[in-house]
Amino acid sequence: MDFAFSDEQGALREGVRVVLDTECTPDALRAFELADESARLEQSQNRWAVLAELGAPALVVPEAADGLGLSDVDLVGVLEEAGRAGLPEPLLETAALAAPTLTALHPDPAATAGLAALVRDDVSFAVGGIDVTPGGIVSPTEVSADGTLRTPRVVGARDAGLLLLAVRDADSGWQLHAVPAASCTAYATPTLSASRDLSTVHWPLASDTLLAYGVAAEAAVGLLADRGAAGTAAMLVGLTGRMLDLSAAYAKERHQFGKPIGSFQAVKHLLADARVALEFARPATYRAAWSLATAQPTLSHDASMAKAMASDAAELAARVALQVHGAIGYTWECDLHFSLKQTWALSRAWGNPATHRRLVLAQLRAG
């Protein structure tokens, strides 16, 4: 039995890395952070056009729907590279969440229209209205004073063309909608970084945007939560590797007492501990991707394991990287701060590590 990625999967990952090394450099991220709204949008659209040209957003869309027809096992390496580069565009939300959800709900008219927009018009997606808690999945969406629905903490809503939004009430249960951006009003939420754009979205409840309701919507939302956890884990694995690479390189350059600080045992142990955590998190993340691709009954367990381990590894790597770099590590001039901010945000997205450990425990107790 071969557990390795194929040559084609390796080539895909390497191709994405080459593109992101050109399009998503630290200088590009720095310019993105400093840009005004219109310049930021232009930069984001240009980067997204390059990704769309590669076919990354439609990677798991079937060939019959003009996608590449690949699987989550192919996608996991792409997401890992996106995390490594600190990509601010919503590749996770579009390729790993919206695309497979719309594909599963096809030929529903709203799903068909959304899939066509993703594949043919290169539309990016935002996803919101789903919170993962120790007690299960809940929706933060509420009815606002003007009668519209209000969904907080939606990533990438201001630049998205379509929004995949969920709502749940005690009477009718879950509903999942694909809402055009023109029908929504997005209010920016202050964040650590412009690369993690959050908004509170006000949107109308309409029958023509409905993708699923009741039991079907509940199943779709549950799968979205698993996909969100597994996809975020992949990005965190990429971030962890990037922070350790930066730290190891700095430890060779920075001298103290006439020697590189990397030669000191204490520094070696810090980096080694973080590397061990990464090497444990990576196979758990790949297992979650395989479980998604093959619809394993252990999917929720595997996704939670991956998210908990990848979050722990990334948070440890962030602490170690900052310690190795010293005070320069959190300055604007040091590239490390981009990875630190992404780590702090993604480790809490789609459920924090403690939440997922509790979910794993509950699944084990349930047998």
Side-chain angles (χ1 to χ4, degrees), residues 5-25 28-29 32 41-104 106 114-127 155-156 159-164 195-197 224 227-228 230-239 241-242 285-286 288-290 292-293 342 346 349-350:
F5 289 100
S6 67
D7 292 341
E8 291 79 7
Q9 289 164 338
L12 174 63
R13 177 198 290 259
E14 184 59 32
V16 170
R17 174 175 286 205
V18 169
V19 169
L20 291 177
D21 281 347
T22 302
E23 300 292 333
C24 197
T25 63
L29 291 176
F32 185 77
L41 178 60
E42 181 182 1
Q43 292 173 30
S44 186
Q45 288 175 338
N46 290 340
R47 225 174 354 248
W48 189 255
V50 174
L51 290 171
E53 184 69 22
L54 279 176
L59 201 73
V60 300
V61 175
E63 292 182 82
D66 296 328
L68 295 186
L70 300 179
S71 75
D72 291 281
V73 175
D74 302 285
L75 180 60
V76 69
V78 174
L79 293 177
E80 190 174 335
E81 293 303 323
R84 174 185 173 274
L87 181 72
E89 282 68 50
L91 184 63
L92 168 67
E93 289 76 14
T94 303
L97 303 182
T101 299
L102 295 173
T103 298
H106 181 78
L115 207 55
L118 189 158
V119 175
R120 297 169 194 164
D121 302 329
D122 300 333
V123 166
S124 65
F125 275 73
V127 179
V155 178
D159 296 341
L162 279 166
L163 291 85
L164 209 61
S195 63
R196 186 68 176 174
D197 182 48
L224 270 170
R227 287 189 170 280
T232 305
M235 296 191 71
L236 284 165
V237 165
L239 275 167
R242 173 69 171 168
T285 300
Y286 295 165
W290 178 78
L292 276 168
Q342 286 269 21
L346 290 177
W350 296 98

Considering all heavy atoms of both residues, which atom of [X] and which atom of [Y] are nearest to each other, and what is their separation?
X	Y	value
Ala230	Thr285	O-CG2, 4.3 Å
Val60	Pro100	CG2-CD, 3.9 Å
Ala99	Leu115	O-CD1, 3.9 Å
Arg242	Arg84	CG-O, 3.5 Å
Gln342	Gly86	NE2-O, 3.3 Å
Leu68	Leu54	CD1-O, 4.1 Å

* Apply side-chain contact (heavy atoms from CB on, under 4.5 Å) to Trp350 and Leu97, showing your working. => CA-CA 12 Å; Trp350 296 98; Leu97 303 182; 3.6 Å; yes

Does a side-chain heavy-atom distance below 4.5 Å link [X] with [Y]?
X	Y	result
Asp21	Val18	no
Thr94	Glu89	no
Val61	Asp66	no
Leu20	Leu51	yes
Phe32	Ser44	yes
Arg47	Pro88	yes
Trp290	Val76	no

To the nearest 0.5 Å, what is the distance between [atom1] ([X]) and [atom2] ([Y])?
X	Y	atom1	atom2	result
Glu80	Leu239	CD	CG	10.0 Å
Leu70	Glu63	CG	CD	8.0 Å
Glu81	Arg17	CD	CZ	4.0 Å
Arg227	Asp72	CZ	CG	4.0 Å
Glu93	Thr101	CD	OG1	12.0 Å
Thr103	His106	OG1	NE2	8.5 Å

* To do: Given side-chain contact (heavy atoms from CB on, under 4.5 Å), test Val50 with Val19 step by step and report yes or no.
  => CA-CA 8 Å; Val50 174; Val19 169; 3.5 Å; yes

* To do: Could you go through the side-chain contact (heavy atoms from CB on, under 4.5 Å) check for Leu59 and Leu12 one step at a time?
  => CA-CA 11 Å; Leu59 201 73; Leu12 174 63; 4.1 Å; yes

* Please step through side-chain contact (heavy atoms from CB on, under 4.5 Å) for the pair Leu164 and Leu224, ending with a clear verdict. => CA-CA 10 Å; Leu164 209 61; Leu224 270 170; 4.3 Å; yes

* Check: Ser71 main-chain N/O paired with Asp74 side-chain donor or acceptor under 3.5 Å ->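 Yes: the side chain of Asp74 pairs with the backbone of Ser71.
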
* Donor-acceptor under 3.5 Å (Trp48 side chain, Asp122 main chain) ->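 Checked: pair present.
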
